[in-house]
Protein chains: 4
Amino acid sequence: MLQDTFERVLPGTRKSTKRHILQCALECFLETGLESTTIDTIRQRSDTSVGTIYHHFGNKEGLVAALFFTALDDHKAVMWPELERASTPKTVIEGLVHSYIHWVTGQPELARFMFLARASVATGPFGEELAARNREQYSFLHKWLAEGVKVGDIRSLPKETYPSLLFGQAENYCRAWLSGRVPTPPSDHASVFAESAWRSLAQTK
Amino acid sequence: MLQDTFERVLPGTRKSTKRHILQCALECFLETGLESTTIDTIRQRSDTSVGTIYHHFGNKEGLVAALFFTALDDHKAVMWPELERASTPKTVIEGLVHSYIHWVTGQPELARFMFLARASVATGPFGEELAARNREQYSFLHKWLAEGVKVGDIRSLPKETYPSLLFGQAENYCRAWLSGRVPTPPSDHASVFAESAWRSLAQTK
Amino acid sequence: MLQDTFERVLPGTRKSTKRHILQCALECFLETGLESTTIDTIRQRSDTSVGTIYHHFGNKEGLVAALFFTALDDHKAVMWPELERASTPKTVIEGLVHSYIHWVTGQPELARFMFLARASVATGPFGEELAARNREQYSFLHKWLAEGVKVGDIRSLPKETYPSLLFGQAENYCRAWLSGRVPTPPSDHASVFAESAWRSLAQTK
Amino acid sequence: MLQDTFERVLPGTRKSTKRHILQCALECFLETGLESTTIDTIRQRSDTSVGTIYHHFGNKEGLVAALFFTALDDHKAVMWPELERASTPKTVIEGLVHSYIHWVTGQPELARFMFLARASVATGPFGEELAARNREQYSFLHKWLAEGVKVGDIRSLPKETYPSLLFGQAENYCRAWLSGRVPTPPSDHASVFAESAWRSLAQTK
DNA sequence: GATGAATGAGCATTCATTCAT
DNA sequence: CATGAATGAATGCTCATTCAT
């Protein structure tokens, strides 16, 4: 299953070598952590050479970033459509939480890697790119919410609290599941988190 | 202000040297990260010698753990009393969120350090100690919630989702604030998160 | 101007690719040094491929040697004729110094490269070829000087000191100019060095 | 003999380890060249550890610089006194050349190393320090020469040509000797170079 | 001729840790 | 208690060179 992650995620990437290294690196990072994984570990697992790794990714940071943005793209592709589904506010809000949980449950490796690598990527040379993508992603959400506030469906709250109210609970549980602190997959509780998000955001008349 | 953190937190520690090293190490870890901070960096900042550092903390992991459990103790001392305050369920739930946010806002360095070091401590030789403390801490909470469920104040939900529902939103925002992604301190939005937590957990009759 | 160096120096080289690589390699070596210049740097600047570079020059050492001997040929072509000009000893000696300075001033890139690469070439597999060329070049000079000594025009001195007495001062200044330690081009002081060389070598009756 | 170089040159250096590493590094650099000598080569020869080498010198560049400035100090200590010897201009000029040759002949290892490392040091982070020392050193010489010009003993020439006229010939021969191109030590020809320098600089009435 | 992916030995440097003083 | 010289395994990365296409 893990073997196929990048065939699905990066179907355009013909170069099997590059994709293969990404796959192996992901496994190494998840097993051993970002800093503890050495280039040589990845080389052994992927059965290539350090030269090849550097040829394709420049350096370790570049490899991490390539992996991270691949995950981000995949995450985004699952999340976006939800906002555009014409439906009631409740359905959209709950749909967003469901989508988030669906992605994490479907791609636990990529999800864990994103939690693992976010701080590192944000600090490194690709930090600005990451920040830009985040801004772009949330601007859509904020536009949708602003509309909901105007119509009287959504509570009027400080803008910066919305993402936390919407995803905070689900994310917290996903972290716990991904790190093994709780055994039950978030998908089993998706409705709980979806409903709580709606309770948190809904304007009660 | 930062200078006094450990005088308040570790009033018993007479040895100014040890406390001084802890303070300097905290600053280094926050500025440079756990792995990137070297013993020599801490030595320079604290103007001692590597020998002294090893004398007091055994090794780098021990230094991190000392710092982490100091923070955990402080955090716990602020959080616990809340559960014991006799009051309405709503007040207790909201009080817990307020306490959490109060601590993070009052000890941002320690809070950031806890987010920074948790994974490392959990994996290392002090992992079991950390897990035990967590179990102990949450068992009180779960007992209190079970009571609320029985009485009909609290929604009956999977036990493992409660912590996420209670703290997830506040924690998510605190992370964002501590990492600089949002500028407004969580204390400014404490009521929002407190109320949302209550909405998420309250049994609506 | 630099663009044309090899069109003048290597007019026979039809293959513009080869000449282009030589030109780019020269620029790289001068800017970054012999060892610090990598094949990949040259590849980037010349917009070719490593394969092409290796196809034409065998290896890095071969590229350096090709450049060096090109410079040596050019240098020789300017210097030789001077010895054959029928004239007074003074004119010949001064002419040699003038020629040397004229070449360095006219081909500062090649001259700098010769100073840069001589040690490397002398140690490498082309060392013997270089030594042979040097012997050949100086044998003419020594023959001419021996004649001058016999006739009583030139001081009788240890044979091995003549090259140093003749070119040492000019060379020292040229090095200083090429490395930027002095701003005035050697051509401005050519007569000073020419006259001093003659003073050093002339038999005072 | 080589063993004692640094006991004479750095008598104040008590730390035998540091001095020992300097000595071994000098030998390695002379045998193998600056770039081709690896830290590990020096470690093997000095029978210490890489950690110790880095502890004392920071990095390879620092080791080269330490060696270079040690040589420069020694060179300076031999050259300076000559200018202060009250004597005829001819004696001073010839004395300077003799001193130069005497130092090179007496410290061939240090002399070779200076030729080897100068370019590297000049380009690196210690370049400005080197330039400053050179300026200081030559300012004395230029003052002395200016006096000689005023009195009518020394030819009036462009200031920047004097060092080349004075030392160029000797230096050129020393380079040839140190690199093995000529077998006879410069000391055997010291008078030739001293006299030629005087001929080059003397004002002929 | 031209290309560039692949190779892997080799290198400078880092850093936690030890221990004699 | 304090010091800091010494250690050496480990690591990220470089780069000349090869070779299949």
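Keep in mind it's a predicted model, so treat the numbers as computed, not measured. Note on naming: letters A, B, ... go to the chains in the order of the sequence lines (proteins, then strands), and numbering restarts at 1 for each one.
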Thr17(C) side chain near dG1(E) phosphate (N/O to OP1/OP2, under 4.0 Å): no
Short side-chain to backbone donor-acceptor contact, Arg45(B) and Cys28(B), under 3.5 Å: no
Kindly give the atom pairs (protein nitrogen or oxygen, nucleotide nitrogen or oxygen) under 3.5 Å for nucleotides 10-13 of chain E.
unit_1, atom_1, unit_2, atom_2, d
dA12(E), OP1, Lys60(D), NZ, 3.0
dA12(E), OP2, Ile39(D), N, 3.0
dT13(E), OP2, Tyr54(D), OH, 3.0
dT13(E), OP2, Lys60(D), N, 3.1

Interatomic distance, Leu67(D) atom CG to Gln23(D) atom CD [nearest 0.5 angstrom]: 8.5 Å
Between dT14(F) (P) and Ile53(A) (CD1): distance, integer Å: 13 Å
Whole-Å gap separating C1' (dA6(E)) and CZ (Phe57(A)): 14 Å
Table please: side-chain donor-acceptor pairs of residues 58-66 of chain D below 3.5 Å, with sequence neighbours left out.
unit_1, atom_1, unit_2, atom_2, d
Asn59(D), OD1, Glu61(D), N, 3.3
Asn59(D), OD1, Gly62(D), N, 2.8
Lys60(D), NZ, Leu34(D), O, 3.2
Lys60(D), NZ, Thr37(D), O, 2.8

Length of the line joining Arg43(B):CZ and dC1(F):P, which is rounded to integer Å: 21 Å
Can you list, pair by pair, the side-chain donor-acceptor contacts under 3.5 Å of residues 46-53 of chain B, counting residues two or more places apart and other chains?
unit_1, atom_1, unit_2, atom_2, d
Ser46(B), OG, Ile42(B), O, 2.7
Ser46(B), OG, Arg43(B), O, 3.4
Ser46(B), OG, Thr48(B), OG1, 3.0
Ser49(B), OG, Thr52(B), N, 3.3
Ser49(B), OG, Thr52(B), OG1, 2.9

Interatomic distance where NZ belongs to Lys18(D) and C1' belongs to dG4(F) [whole Å]: 14 Å
Touch class at under 4.0 angstrom, heavy-atom based, for His55(C) against every strand present: sugar-phosphate
Leu22(C) CG to Leu26(C) CG distance, which is reported to the nearest 0.5 Å: 8.5 Å
Interatomic distance, His56(B) NE2 vs dT17(E) P [rounded to whole Å]: 17 Å
Separation of dC1(F) C1' from His20(B) NE2 (nearest whole Å): 16 Å
Rounded distance (nearest 0.5 Å) linking atom CZ of Phe115(B) with atom CG of Leu178(B): 6.5 Å
C1' atoms of dT21(F) and dG1(E), separation to the nearest Å: 13 Å
Residue-phosphate contact under 4.0 Å: Ser49(A) side-chain N/O, dG8(E) OP1/OP2: no
With Glu129(D) via salt bridge (Lys or Arg N to Asp or Glu O under 4.0 Å) - residues at least two apart: Arg133(D)
Paired and unpaired positions of DNA chain F as dot-bracket, Watson-Crick or G-U wobble under 3.5 Å, | denoting a partner strand: .||||||||||||||||||||
All ring-ring contact (aromatic ring centres under 6.0 Å, His included) counterparts of Phe68(D), not counting sequence neighbours: none
Minimum-distance nucleotide (side-chain atoms of Thr52(C) versus dT3(F), dA2(E), dG8(E)): dA2(E)
Intermediate values then yes/no, side-chain contact (heavy atoms from CB on, under 4.5 Å), Leu72(D) and Arg118(D): CA-CA 10 Å; Leu72(D) 196 62; Arg118(D) 168 159 274 134; 4.3 Å; yes
